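Written below as structure tokens is the structure these notes are about.
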Amino acid sequence: MFPYSSLLALCLAAATLVAAGPCDIYASGGTPCVAAHSTTRALYDAFSGSLYQVQRDSDSATTDIRPLSAGGVANAASQDSFCSGTTCLISIIYDQSGRGNHLTKAPPGGAASGTDPNGFDNLAAADAAPVTLNGQRAYGVFVAPGTGYRNNRPNGIATGDAAEGMYAVMDGTHFNGGCCFDYGNAETNSLDTGNGHMEAIYFGTGTGFGTGAGSGPWVLADLENGLFTSPNTSGVNPNNPTITSRFVTAVVKGQPGNQWAVRGGNGASGSLSTFYSGVRPNNGYNPMKKEGAIILGIGGDNSNWSQGTFYEGVMTTGYPSDATENSVQSNIVNARYAATGLVSGPGITVGSHVSLRATTSCCTTRYIAHTGATVNTQVVSASDSNALKLSASWNVVSGLANSACVSFESRDTPGSFIRHSNFQLRIDPNDNSKLFHEDATWCYRAGINGQGNTIRSFNYPAHYMRHFNALVYASANGGPNTFDTKTSFNDDVSFVVSTAFA
Ligand SMILES: *[C@@H]1O[C@H](CO)[C@@H](O)[C@H](O)[C@H]1NC(C)=O
Ligand SMILES: *[C@@H]1O[C@H](CO)[C@@H](O)[C@H](O)[C@H]1NC(C)=O
């Protein structure tokens, strides 16, 4: 006989599970979160505190972004209003677990240092990775190469061979092969201290160690001095598929007794698969020597060559069961992550021919043009030669790297496109590489100074098309180069887009 009270308990348990956030699910599985990071939503049902902090470039003021309600989606509108008329960066990703494991901009490390005066990495542009969750707009963390977050003074993250689990939801279409788009456990001194000193999720096409099937990207584990998907230090794990979904849920976990696992799935539908579960690689990975720092977007030694987008992730104490992780995946799917538009403001229509006029008071007769490969601004008017007019005229085509944005093809040099290289703009022939396509893709919004459009780099979205001393750059507001000066930034990045001269 089946007692009614058990049935009731079962129904209550099921109801609780449906309502619970990812960290409530981990807690009920006996493996609570010790770090919980998300710029898109609360990861506990009851969490109504600060999700992240944005810093505004105009006056360096900061504000915290909270969920719309306890357990809910981030209040993106509060960010939009705070950042209106300027640009903003994500300065802190708060830990929702109560342990204070917040992520801030990563310090220099053994492999690389950033370009700020203290060698710290860059912060992510605050509005570069828009998505919707159940129809409500929110922003992810868009990691361009050079961007990184870290906490080297963690509280309660696994050390040594202690058990832990972690998951992250990422953009399955934003990746590269550079080291290392990671989220998870790393060295506390930002140096490579040897095999087994890390246990982090990696997402990308990094090769050189074990890979998954096909050409990637894959969910792998960065265990330090190696990206792994099995004990093999090279070769293919056929059970680890190339990810093709827009959203990906990535899972890594490990526990004493020489056991770890890599799992993954579509972050918008379906269930998780186990890509590997079993013993660890041989050379120094058993027992593990985890140090317990937390990284996002970089390698353990601050390797800074990777790109990717992070929406949410947690680290647990204890080795979560597959069943617990499967419930977390259901919760993620129910959050209904969906892509949303990357452009706004006056349209720059694919198929049109345009000229782009500067709006800074010095320069309102200057247009974006080119001389040879160099993109510059030149004074152009209707009475000028056809050659000059053509050099300031551009075909708008669908973005080479992302059709949500646009690319600008030279009218007098068909097949060559405006791209950035070392943050300076040039026209170069399309070599059909992934990097060229990304360097030549631009996403627009309404002009920050109220005129025309402001046009940002697709792959370095904290960088905006800017004229400066008659040349044109991909400029970061207040960044390290002279062409990044905050002086007249808003005017220098706002262009009036009109029908092409020629
Ligand atoms: C990455 O690190 C290198 C080496 O320290 C540094 O030169 C470079 O500026 C960094 N890249 C970015 C985009 O910050
Ligand atoms: C490990 O490598 C062996 C030998 O190449 C191969 O047969 C096996 O499929 C690999 N296993 C995994 C899980 O990658």
Side-chain angles (χ1 to χ4, degrees), residues 89 105-125 128 141-150 176-182 190-192 202 206-214 216 218-221 223 226-242 252 254 258-264 273-283 285 295-308 420-424 435 438-439 456-464 473-484:
L89 301 170
K105 89 170 152 172
S113 52
T115 51
D116 93 348
N118 300 313
F120 280 58
D121 292 343
N122 296 321
L123 296 169
V141 184
F142 189 106
V143 171
T147 308
Y149 294 84
R150 191 165 193 131
N176 67 9
C179 181
C180 285
F181 187 68
D182 288 349
S190 301
L191 303 175
D192 176 354
Y202 167 83
T207 55
F209 304 95
T211 67
W218 307 285
V219 175
L220 304 172
L223 305 180
L227 303 173
F228 295 96
T229 168
S230 80
N232 293 352
T233 53
S234 64
V236 170
N237 171 1
N239 296 322
N240 187 331
T242 287
V252 167
N258 202 14
Q259 167 63 31
W260 69 297
V262 183
R263 310 182 72 212
S273 301
T274 299
F275 301 158
Y276 175 77
S277 177
V279 299
R280 295 186 181 274
N282 278 326
N283 307 317
Y285 299 96
I295 52 171
L296 171 59
I298 44 177
D301 56 3
N302 198 43
S303 290
N304 68 356
W305 298 278
S306 60
Q307 63 185 25
H420 64 87
S421 177
N422 290 324
F423 300 123
Q424 182 164 0
L435 183 66
E438 293 177 356
D439 288 351
R456 76 190 327 172
S457 161
F458 167 72
N459 56 347
Y460 287 81
H463 292 253
Y464 298 81
Y473 297 91
S475 165
N477 198 353
N481 305 293
T482 50
F483 56 78
D484 293 325

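Atoms within a ligand are numbered from 1 in the order they appear, just like the ligands themselves. For this chain, numbers begin at 1 and follow the sequence in order. Values in this document were obtained by computation on a predicted structure and should not be read as measured data.
The residues Arg150 and Asp121 are annotated as not salt-bridged, no charged nitrogen and carboxylate oxygen being separated by less than 4.0 angstrom.
Shortest contact from atom 14 (O) of ligand 1 to any protein heavy atom: Gly146 CA, 3.7 Å. Protein heavy atom at the shortest distance from atom 12 (C) of ligand 2 is Asn232 ND2, 3.5 Å. The shortest contact between atom 13 (C) of ligand 2 and any protein heavy atom is with Ser230 CB, 3.4 Å.
Taking the six-membered ring for Trp and thresholds of 30 and 60 degrees, Phe458 and Phe142 have ring planes more than 60 degrees apart, a perpendicular arrangement. Note on ring orientation: taking the six-membered ring where Trp is involved, the planes of Phe423 and His420 are parallel (angle under 30°, cut-offs 30° and 60°).
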(Q) I'd like to know whether Trp218 forms a side chain to side chain contact (heavy atoms under 4.5 Å, CB included) with Phe275, so could you lay out the CA-CA distance, the side-chain angles of the two residues, the decisive distance to 0.1 Å, and finally the verdict. (A) CA-CA 10 Å; Trp218 307 285; Phe275 301 158; over 6 Å; no

**Q.** Tyr202 and Phe228: CA distance, side-chain angles, deciding distance, side chain to side chain contact (heavy atoms under 4.5 Å, CB included) verdict
**A.** CA-CA 9 Å; Tyr202 167 83; Phe228 295 96; over 6 Å; no

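Under a cut-off of 6.0 angstrom, the local environment of CG in Asn282 is sparse, with at most 12 non-hydrogen atoms contributed by other residues, nucleotides or ligands. For CG of Asn422, the number of neighbouring non-hydrogen atoms (other residues, nucleotides, ligands) closer than 6.0 Å is 12 at most.
Contacts between Pro145 and ligand 1 below 4.0 angstrom, taking non-hydrogen atoms only, involve the backbone exclusively. Neither the backbone nor the side chain of Thr229 has any atom closer than 4.0 Å to an atom of ligand 2 (non-hydrogen atoms only). Heavy atoms from both the backbone and the side chain of Asn237 come within less than 4.0 Å of ligand 2.
Distances below 4.0 Å separate heavy atoms of Thr115 from the following atoms of ligand 1: 9 (O), 14 (O). Under a 4.0 Å criterion applied to the non-hydrogen atoms of Val236, ligand 2 contributes the atoms 14 (O).
Inspection of the Ser457 and Glu438 side chains reveals no N or O donor paired with an N or O acceptor under 3.5 Å.
For atom 4 (C) of ligand 2, the nearest protein heavy atom lies 4.0 Å or farther away.
Of the options Ser113, Gly178, Pro108, Gly148, the smallest heavy-atom separation from atom 6 (C) of ligand 1 is shown by Ser113. Of all the listed residues (Asn304, Asn302, Asp116), Asn304 holds the heavy atom that lies closest to atom 2 (O) of ligand 1.
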